[in-house]
*Asks:* 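Below is a structure I'd like to ask you about.
When a residue number appears, it is its place in the shown sequence, counting from 1.
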Amino acid sequence: MESRHTIHYSVIVPAYKENGNIRPLVTRIYTALRRVDSPVPAEQAEVIIVDDNSRDGSVETVQTLQQEGYNVRIIVRTTERGLSSAVVRGFQEAVGDSMLCMDADLQVCVSVFACS
């Protein structure tokens with residue numbers, strides 16, 4: 001994983017029972033960022049999965065992706081539930097000053113934020 005000091009872009013992904021989508025989502029994000037025409041360098045991005053204690057193998061999938069060199073991490077929430085609070089938690093944990101929130105289902109980009 002990259003040093004936290006070089007991360008400028010954070011992708012927040014709230015998730016519940018989305019293990020089947022995590023690998024395709026993370027690999028597609030980084031494939032897009034590695035394109036020569038990408039305005040965002042892949043090495044300056046992180047993906048944060050905020051999981052509501054799915055217990056579906058999501059943690060293990062993220063660990064495997066990390067071992068493969070992807071800058072992805074998972075936050076497992078055991079006492080909180082819900083999309084809005086998961087997004088807020090992801091923003092709180094993010095290192096980047098530009099943040100994107102997207103659904104884990106590979107279909108919707110929710111919001112883009114630039115913070116200063």
*Asks:* Pair up each side-chain donor or acceptor in residues 10-19 with any protein partner under 3.5 Å, not counting sequence neighbours, and list the distances.
*Replies:*
unit_1, atom_1, unit_2, atom_2, d
Ser10, OG, Glu46, OE2, 2.5
Ser10, OG, Val95, N, 3.4
Ser10, OG, Gly96, N, 2.8
Glu18, OE1, Asn21, ND2, 2.6
Asn19, OD1, Thr61, OG1, 2.5
Asn19, ND2, Asp56, O, 3.2

*Asks:* Restricting to salt bridge (charged side-chain N to carboxylate O under 4.0 Å, His left out), what partner residues turn up for Glu80, sequence neighbours left out?
*Replies:*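 Listed in chain order: Arg77.
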*Asks:* Nearest 0.5 Å, what's the CD-OG1 distance between Gln44 and Thr6?
*Replies:*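 Reported value, rounded in 0.5 Å steps: 7.0 Å.
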*Asks:* Which residue pairs pass the ring-ring contact (aromatic ring centres under 6.0 Å, His included) test when at least one of the two sits in residues 36-60, sequence neighbours left out?
*Replies:*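 For residues 36-60: none.
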*Asks:* Please round to the nearest 0.5 Å and tell me the distance separating atom CD1 of Ile7 and atom OG of Ser98.
*Replies:*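 The distance works out to 12.0 Å.
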*Asks:* Using the rule that two of Ile, Leu, Val, Met, Phe, Trp, Tyr join whenever any of their side-chain heavy atoms come within less than 4.5 Å, decide whether Ile48 and Val88 are in one cluster.
*Replies:*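 No; Val88 is not reachable from Ile48 via cluster members.
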*Asks:* To the nearest 0.5 Å, what is the distance between OG1 on Thr79 and CG on Asp52?
*Replies:*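 Between atom OG1 of Thr79 and atom CG of Asp52 there are 9.5 Å.
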*Asks:* Filter on ring-ring contact (aromatic ring centres under 6.0 Å, His included), then keep only pairs touching residues 34-66, sequence neighbours left out; what's left?
*Replies:*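 Residue pairs passing ring-ring contact (aromatic ring centres under 6.0 Å, His included), neighbours aside: none found.
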*Asks:* Who are the salt bridge (charged side-chain N to carboxylate O under 4.0 Å, His left out) partners of Arg55, not counting sequence neighbours?
*Replies:*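 With sequence neighbours excluded, Arg55 shows a salt bridge (charged side-chain N to carboxylate O under 4.0 Å, His left out) to no residue whatsoever.
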*Asks:* Could you check whether any side-chain N or O of Ser38 sits under 3.5 Å from a backbone N or O of Arg34, counting only pairs where one atom can act as donor and the other as acceptor?
*Replies:*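 Looks like no, no N/O pair under 3.5 Å.
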*Asks:* Scan the side chains in residues 22-31 for donor-acceptor partners under 3.5 Å anywhere in the protein, sequence neighbours excluded, and list what turns up.
*Replies:*
unit_1, atom_1, unit_2, atom_2, d
Arg23, NH1, Glu68, OE1, 3.1
Arg23, NH2, Glu68, OE1, 3.4
Arg23, NH2, Glu68, OE2, 2.9
Thr27, OG1, Arg23, O, 2.9
Thr27, OG1, Pro24, O, 3.2
Tyr30, OH, Ala45, O, 2.9
Tyr30, OH, Asn71, O, 2.8
Thr31, OG1, Thr27, O, 2.7

*Asks:* Do Ser58 and Ile74 have side chains that approach each other closer than 4.5 Å (heavy atoms only, starting at C-beta)?
*Replies:*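 Answer yes - side chains close enough.
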